[in-house]
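Some notes on the structure that comes next.
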Amino acid sequence: MESKSVVIALAALAQESRLAVFRLLIQAGPEGFSAGRIAEALGIAPSSLSFHLKELVHAGLVRSRQESRYVIYSANFEVMNELIGFLTDNCCRGAPCTTSPPDSMRYRSGDS
C-alpha cells in the first residue's frame, strides 16, 4: 500500500461517525448492510451518513453494491488488511509482536 493511500484511509477513519460505520461494517462481514440499517444501528441522520459513506468509499475502505432497490455497503477487507500490514510492517524490530506493550511503555497508576 502506498503512503498516499494510507494517509487517505487514516484520514477517513479519523472521524468518530466514520470510524463507527467502518467498525459496524467489519462486524457485518462481506454481506454488509443497507444505508438505512447503518443509520438505524448508529443513530446517524441519513444526510450525514451519506457524506460519511462517500468518504469511506473514496478511501477504498468500503464498497457499495446495488441489490434490488437498496445500496448495500460492506467493508473492503483487502484494503483493511493492506492498511494493517502497512502499519505493522517491520514491527518490533523483527521480533515477534505481542498484544501488550513492553513494560517500559505500560501505564502504571501513580504515573503522570
Side-chain angles (χ1 to χ4, degrees):
M1 186 169 218
E2 294 184 24
S3 293
K4 184 176 180 177
S5 299
V6 169
V7 170
I8 291 169
L10 292 175
L13 293 173
Q15 198 282 338
E16 191 174 352
S17 295
R18 288 194 291 271
L19 182 60
V21 168
F22 187 67
R23 293 187 75 206
L24 179 70
L25 292 175
I26 292 295
Q27 293 171 8
E31 297 80 28
F33 288 138
S34 68
R37 187 157 178 200
I38 296 167
E40 183 180 310
L42 298 177
I44 300 174
S47 59
S48 293
L49 179 61
S50 177
F51 170 77
H52 294 309
L53 286 168
K54 178 183 71 75
E55 291 296 311
L56 291 168
V57 168
H58 172 73
L61 293 165
V62 169
R63 293 180 175 155
S64 65
R65 68 183 184 278
Q66 193 77 36
E67 281 188 13
S68 182
R69 60 186 190 134
Y70 298 99
V71 177
I72 305 298
Y73 294 90
S74 58
N76 185 339
F77 291 97
E78 284 178 41
V79 171
M80 180 194 73
N81 287 328
E82 286 178 18
L83 179 60
I84 292 168
F86 180 90
L87 294 172
T88 59
D89 193 29
N90 300 317
C91 175
C92 306
R93 294 184 232 163
C97 294
T98 62
T99 57
S100 59
D103 286 337
S104 63
M105 296 179 72
R106 283 198 191 126
Y107 172 81
R108 286 171 272 229
S109 61
D111 288 354
S112 38

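Values below: all heavy atoms of this structure, side chains included; hydrogens, waters and symmetry mates excluded.
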Any L49 side-chain heavy atom under 4.5 Å of L42 side chain: no

Whichever hydrophobic residues join Y70 through chains of side-chain contacts under 4.5 Å: I72

Crowding at CD, Q66 (>12 non-hydrogen neighbours, <6.0 Å): yes

Gap separating the CG atom of L10 from the OG atom of S3, nearest 0.5 angstrom: 10.5 Å

For M1 against E82, the heavy-atom pair lying closest together: SD-C, 3.9 Å

R18 side-chain N/O to H52 backbone N/O, donor-acceptor pair under 3.5 Å: no

Which atom of A41 lies closest to which atom of L24, heavy atoms considered: CB-CD2, 3.9 Å

E2 side chain near F86 side chain, heavy-atom distance below 4.5 Å: no

I44, I26, L61 screened by side-chain contact (heavy atoms from CB on, under 4.5 Å) with V21, the one that passes: I44

Smallest separation among heavy atoms of P30 and S74, with atom names: O-CB, 3.7 Å

Shared hydrophobic cluster, V79 / V62 (ILVMFWY, side-chain heavy atoms < 4.5 Å): yes

Side-chain heavy atoms of S64 within contact of V71, under 4.5 Å: yes

Sidechain-backbone polar pair: D89 side chain, G85 backbone, donor-acceptor under 3.5 Å: no

Residues forming a side chain to side chain donor-acceptor pair (under 3.5 Å) with R65, sequence neighbours excluded: E67

CD/E40: more than 12 non-hydrogen atoms of other groups inside 6.0 Å: no

For F22, the option from L13, L53, N76 that meets side-chain contact (heavy atoms from CB on, under 4.5 Å): L13

Flag, side chain of S34 to backbone of R37, donor-acceptor distance under 3.5 Å: yes

Joint cluster assignment, L25 & I8, ILVMFWY side-chain distance < 4.5 Å: no

side-chain contact (heavy atoms from CB on, under 4.5 Å) partners for S50, two or more places apart: none

Check: R63 and V57 side chains under 4.5 Å, non-hydrogen atoms: no

Joint cluster assignment, V7 & L19, ILVMFWY side-chain distance < 4.5 Å: no

